[in-house]
**Q** 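The structure is given below, and queries will be raised subsequently.
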There are 2 protein chains.
Amino acid sequence: MEISCSKDTCPVKLAAEIIEGKWTTLIIRELFSGKKRYSELQRALNKISPKVLSARLKFLEERGLITRAVFATIPPTTEYALTPIGYKLESLLLAMAEFGNELIKKEINVKIISP
Amino acid sequence: MEISCSKDTCPVKLAAEIIEGKWTTLIIRELFSGKKRYSELQRALNKISPKVLSARLKFLEERGLITRAVFATIPPTTEYALTPIGYKLESLLLAMAEFGNELIKKEINVKIISP
DNA sequence: CTCTTATACTATACTTAGGGAAGTAGTTAC
DNA sequence: GTAACTACTTCCCTAAGTATAGTATAAGAG
């Protein structure tokens with residue numbers, strides 16, 4: 001596995017294009033504990049706006065990372081779940097958790113630096 | 001290592017705040033092959049604008065992930081390098097590379113979907 | 001002596017992404 | 001009848017990112 005690479009088709013670059021959007025990794029993390037409905041995601045990701053949530057879910061569905069299933073219940077429900085490709089993000093999420101713990105250990109305050 | 005967590009101090013969330021900005025992971029990737037000057041980074045990350053490059057480098061320096069060293073040569077040079085904390089991102093970068101390779105394997109075209 | 005090159009940036013104007021609030025439709029509970 | 005639930009969309013505004021030009025300083029080419 002090579003990190004460095006300058007091509008446009010560089011694996012790291014391709015991964016970056018998926019995960020760089022705000023909220024993207026957090027949405028995927030939620031889906032690791034099983035399929036979720038729109039409103040469940042909205043509640044879990046406390047401050048996300050419905051607009052951004054819709055956009056991200058659509059984006060992830062288009063890339064084949066999640067599936068969307070609509071049920072004609074009353075009121076209607078929609079379920080989002082990870083595809084096998086989406087599940088491949090597990091080691092990435094784990095690496096994020098690991099790094100986040102390092103930040104906490106080193107007492108680096110991530111939020112309160114800018115004035 | 002637990003992925004799921006709803007607190008504001010969740011490790012995944014903390015990591016997301018660092019890496020979610022555009023270009024951030026790619027800048028860090030460049031620094032894994034050793035310290036680099038501003039112009040070297042600019043050339044390596046072909047399409048980055050100087051404004052964003054400066055902003056990202058400043059951001060990463062403030063968080064303690066990279067160091068900045070200025071030399072009074074003519075013309076002046078600046079060297080950026082990873083700190084020990086910055087190096088902790090290695091497994092994250094590797095996971096990104098791994099995931100990028102999965103995308104290539106599955107022949108998912110990441111770029112040419114939107115019209 | 002002027003012209004170009006190099007470095008590490010700022011400054012400016014413009015475009016896109018994201019945030020916040022409100023609205024929509026169909027049904028059901030109070 | 002009014003409020004609530006569900007899964008969104010639409011509008012407007014600000015923040016983030018892009019593209020391009022400019023700054024200071026000095027070496028080297030012609």
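Numbered from 1 within each chain, the chains take letters A, B, ... in sequence-line order. Below, all heavy atoms of this structure are taken into account, side chains as well, without hydrogens, waters or symmetry copies. Being a predicted model, the structure only gives us computed values, none of them experimental.
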**Q** On a heavy-atom basis, which atom in B:Arg68 and which in B:Thr78 lie closest, and how many Å separate them?
**A** CG-CG2, 3.7 Å

**Q** Output the rounded distance in Å from NZ (A:Lys35) to P (D:dA7).
**A**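 In whole Å, D:dA7 P and A:Lys35 NZ are 13 Å from each other.
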
**Q** Rounded to whole angstrom units, what separation is found between the CD atom of B:Glu20 and the P atom of C:dG18?
**A** 9 Å

**Q** For A:Lys36, check side-chain hydrogen bond (donor to acceptor under 3.5 Å, both in side chains) against everything at least two apart and list the hits.
**A** A:Ser33

**Q** Separation of B:Phe59 atom CZ from D:dA16 atom P, in whole Å?
**A** 10 Å

**Q** Tell me which nucleotide among D:dT18, C:dA17, D:dA26 gets nearest to the side chain of B:Ile74.
**A** D:dA26

**Q** Expressed as a whole number of angstroms, how long is the span from A:Leu41:CG to D:dA7:P?
**A** 10 Å

**Q** Just how far, in rounded Å, is C1' of D:dT6 from NZ of A:Lys36?
**A** 17 Å

**Q** Verify the contact: side-chain N or O of A:Trp23 to OP1 or OP2 of C:dA17, cut-off strictly under 4.0 Å; return yes or no.
**A** no

**Q** Could you check how far CD1 of A:Ile48 sits from P of C:dG19, rounded to whole Å?
**A** 7 Å

**Q** Can you measure A:Lys58 atom NZ to D:dT10 atom P for me and round it to whole angstrom units?
**A**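 After rounding, the gap between these two atoms is 10 Å.
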
**Q** Give me the one residue out of B:Leu82, B:Ile27, B:Ile18 that meets side chain to side chain contact (heavy atoms under 4.5 Å, CB included) with B:Leu65.
**A** B:Ile18

**Q** Can you name the side-chain hydrogen bond (donor to acceptor under 3.5 Å, both in side chains) partners of B:Thr24, sequence neighbours left out?
**A** B:Arg56

**Q** What are the two closest heavy atoms between B:Ala15 and A:Gly100, and how far apart are they?
**A**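 In this case the closest contact between B:Ala15 and A:Gly100 is CB-N, 4.2 Å.
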
**Q** Output the rounded distance in Å from CZ (B:Arg56) to P (D:dT18).
**A** 9 Å

**Q** Do the side chain of A:Thr83 and the main chain of A:Gly64 share a donor and acceptor less than 3.5 angstrom apart?
**A** yes

**Q** Show the distances under 3.5 angstrom between N or O atoms of the protein and N or O atoms of nucleotides 5-12 of chain C.
**A**
{"unit_1": "C:dT7", "atom_1": "O3'", "unit_2": "B:Pro76", "atom_2": "O", "d": "2.8"}
{"unit_1": "C:dA8", "atom_1": "OP1", "unit_2": "B:Thr78", "atom_2": "N", "d": "2.5"}
{"unit_1": "C:dA8", "atom_1": "OP2", "unit_2": "B:Ser39", "atom_2": "N", "d": "3.2"}
{"unit_1": "C:dA8", "atom_1": "OP2", "unit_2": "B:Ser39", "atom_2": "OG", "d": "3.1"}
{"unit_1": "C:dC9", "atom_1": "OP1", "unit_2": "B:Arg68", "atom_2": "NH1", "d": "2.5"}
{"unit_1": "C:dC9", "atom_1": "OP2", "unit_2": "B:Thr78", "atom_2": "OG1", "d": "3.1"}
{"unit_1": "C:dC9", "atom_1": "OP2", "unit_2": "B:Tyr80", "atom_2": "OH", "d": "2.9"}

